[in-house]
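Working notes, beginning with the structure itself.
Here is how names work: the chains are called A, B, and so on, in the same order as the sequence lines, proteins then strands, and each is numbered from 1.
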Protein chains: 2
Amino acid sequence: MTVTIYDVAREANVSMATVSRVVNGNPNVKPATRKKVKEAIDRLGYRPNAVARGLASKKTTTVGVIIPDISKGFYAELARGIEDIATMYEYNIILSNSDQNEDKEIRLLETMLGKQVDGIVLMSDAITPALREEIGRSSVPVVLAGTVDLEGRIPSVNIDYKGAAQEAVSRLIGNGHREVAFVSGPFDTVINRDFLLEGYRDALREAGLELDEGLVFELEDSYDAALEAWHATDRRPTGVFAGSDELAIGVIHGVLDAGLAVPGDVEVIGFENTKLARMVRPRLTSVVIPLYDIGAVSMRLLTKFMSNEEIEDPNVILPHRIEVRESAK
Amino acid sequence: MTVTIYDVAREANVSMATVSRVVNGNPNVKPATRKKVKEAIDRLGYRPNAVARGLASKKTTTVGVIIPDISKGFYAELARGIEDIATMYEYNIILSNSDQNEDKEIRLLETMLGKQVDGIVLMSDAITPALREEIGRSSVPVVLAGTVDLEGRIPSVNIDYKGAAQEAVSRLIGNGHREVAFVSGPFDTVINRDFLLEGYRDALREAGLELDEGLVFELEDSYDAALEAWHATDRRPTGVFAGSDELAIGVIHGVLDAGLAVPGDVEVIGFENTKLARMVRPRLTSVVIPLYDIGAVSMRLLTKFMSNEEIEDPNVILPHRIEVRESAK
DNA sequence: TTGAAAGCGCTAACAC
DNA sequence: GTGTTAGCGCTTTCAA
């Protein structure tokens, strides 16, 4: 039924070791025999069995990718970066959604290790102690992509979220706004609570402004949540820094619904710079997070670990910037 | 170093066959020995090696997923449906991007088959003869998700794209429009050329309207392309059916830029009903494609093939509908 | 209910 | 340059 290396060996009158050599591009084969073997391979339609190879060599050339939700644009973009570099280094990817569920994350790690992946890229909102411990037990390297481990012991690729938030808020303050709101996704996400919120705080402090709790909105990270929150509150900040583009757009539409103008009455800055940002009117000013690059660099970092290359710095910080469009100058 | 089934056998004073039985839930094991083995497994921290298992059993419990571009919302949503059902049936997924490149698609099929996947879900814009042949040679089942094979020989899950387009266009005509444009993505995509365009044609014919080539716009499938096309043309249709939400929103903004109103002067219907549709003003009326369900059902179909269950119909058509919002009544 | 033994298809010494 | 020979860690008859 299936053609094995042994069939090829017989067909070409060589040993299976020789066939293995030509399949793996080992130079220690006489050109003539190489040709003979290649012909036999073509004639028989032989295709190496990667599972057998994996068992014998203890390498599967596949890496695990654990992602909160591939249907979210944020993660899909990261995943694309990861996959491209994986392909470049001839790895395949086993992709699973964790839904931010710690149990599921741990279970996925387990099954991926069981499948003998050569490494793992993990995306998560928060590295809990249990998860950290599980990662520590892993027999293969693990790299975090767009994910912060507060203890900083796991290799990772990120941007300076806090600095980015601070810049955005400072920009708003610099434009003359004294009442600047922070519209955030859930604070059980490390990036929201420990970085964006802190960046917001720092910017206020730097400007000598008091933190006004009433201007901090912790919402579900969705357009509707922001829209409704704006309708529900009677606070009227003139500057808004949102923790995501979706939130920002919700705010903009809330403002417009209230008969106010953006950026005339309220300036809004988003976070992520999805393609959405260009597809709303007024166009959204937003902090650019290089998601594709974060994915790509994290995969590259993982390949270095997997082939024992030297690592300069296991915690990479990529640059960010603010793309200024119409919703805020 | 790594704990094997053999280590567990010794630890529990049984044979490896017995360990294998308890690991695989085989009922032919005395409860007492089962307990003994389980304890040994815990004590040693044994984790079955899926690669060895795959080699011995010829089943890997992983399926391949070939997708044009995971960073596109359309496909990311499909992928989520696929993955959820795969997880439900305890399969893992090897995910790769093909960029709609025939060579890459064929190469990916090859490497996935080499990795001994138990089945494959394929998404593509067009099943070319070479691709069809490669699929035919596959030793494992292949299911198309959101992808049409014009020869209809490959199992697939879709909606009635043509019927959906026809309904959308008829709706516009029914609203009194005599000049209805079709703003489409590239016609090298089967769905665009053979279904949406045909549905558009049928709707016109049904209404006794002449097809006006000048009202058919074949564009890159992007917001910018639609926006620019609208700026560039001097045609002023009062109804527009777009082949995607992005194109539809581009059209809407083009219309607004021209000082006209939506839906007052121009009515627009999109296709796909992404979350974008609710996040623009006016909100977009759009044909609902149940992407998640298409993914889920295609994976379910694949599991049936993989376990030799009976298949009622290998070509599934899921229902669609039009979600009416503000851009068209 | 349990064990012994033969592979699954390949890689990787090691010898020649 | 090429062949021989052990495994890799597991499943799966077949016997007992």
Looking across every strand, which nucleic acid part, if any, lies under 4.0 Å from Ser20(B) by heavy atom: base, sugar-phosphate, or nothing? base
Once you round it to whole Å, what is the distance between P of dG9(C) and CD1 of Ile5(A)? 11 Å
Looking only at side chains, do Tyr75(A) and Asn97(A) share a donor and an acceptor under 3.5 Å apart? no
Testing dT2(C), dC10(C), dT12(D) for proximity to the side chain of Arg53(A), the answer is dC10(C)
Could you tell me the separation between the CE atom of Met16(B) and the P atom of dA4(C), rounded to a whole number of Å? 11 Å
Would you please test Thr61(A) and Lys115(B) for side chain to side chain donor-acceptor pair (under 3.5 Å) and show each step? CA-CA 10 Å; Thr61(A) 64; Lys115(B) 294 226 168 172; 3.1 Å; yes
Rounded to whole angstroms, how far apart are CD on Gln116(A) and P on dG9(C)? 19 Å
Look at all strands and tell whether Asn28(A) reaches a base, only sugar-phosphate, or nothing, counting heavy atoms closer than 4.0 Å. base
From the list Leu291(A), Ile294(A), Ile289(A), Ile82(A), side-chain contact (heavy atoms from CB on, under 4.5 Å) partner of Glu77(A) resolves to Leu291(A)
Do any side-chain nitrogens or oxygens of Tyr6(A) fall under 4.0 Å of OP1 or OP2 in dT5(D)? no
Out of dC10(C), dG9(D), dT2(D), minimum distance to the side chain of Thr18(A) belongs to dT2(D)
Rounded to whole angstrom units, what separation is found between the NZ atom of Lys115(B) and the P atom of dC8(C)? 23 Å
Between Thr33(A) and dT2(D), does any side-chain N or O lie under 4.0 Å from OP1 or OP2? yes
Within the pair Thr2(B) and dG9(D), is there a side-chain N or O less than 4.0 Å away from OP1 or OP2? yes
Less than 3.5 Å apart, any donor N or O on the side chain of Thr87(B) or Glu83(B) sitting next to an acceptor on the other? yes
Tell me if the side-chain of Arg21(A) makes a donor-acceptor pair with the base of dG3(D), cut-off 3.5 Å, by modelled atom types. yes
Ser15(A) has a side chain; which of dT11(D), dG3(D), dG3(C) sits nearest to it? dG3(D)
Would you indicate whether Lys104(B), at its atom NZ, is surrounded by more than 12 heavy atoms from other residues, nucleotides or ligands within a distance under 6.0 Å? yes
Among the nucleotides dT11(D), dG9(D), dA12(C), which one has an atom lying closest to any side-chain atom of Ala17(A)? dA12(C)
Assert: residue with more 5' nearest nucleotide on DNA chain C, out of Arg34(B) and Ala56(A), is Arg34(B)
In this structure, how many angstroms lie between the C1' atom of dT2(C) and the CG atom of Asn13(B), rounded? 13 Å
Atom pair distance, as rounded to whole Å: NZ in Lys58(B) and P in dT11(D): 14 Å
Of the listed nucleotides (dC10(D), dC8(C), dT11(D)), which one gets closest to any side-chain atom of Ser57(B)? dT11(D)
Any luck finding a side-chain donor-acceptor pair between Thr189(A) and Asp125(A) under 3.5 Å? yes
Indicate, with a heavy-atom threshold strictly under 4.0 Å, whether Val14(A) touches base, sugar-phosphate, or nothing. sugar-phosphate
To the nearest Å, how far apart are Asn26(A) CG and dT2(D) P? 11 Å
Measure the distance from CG on Leu55(A) to C1' on dG7(C) and round it to the nearest whole Å. 12 Å
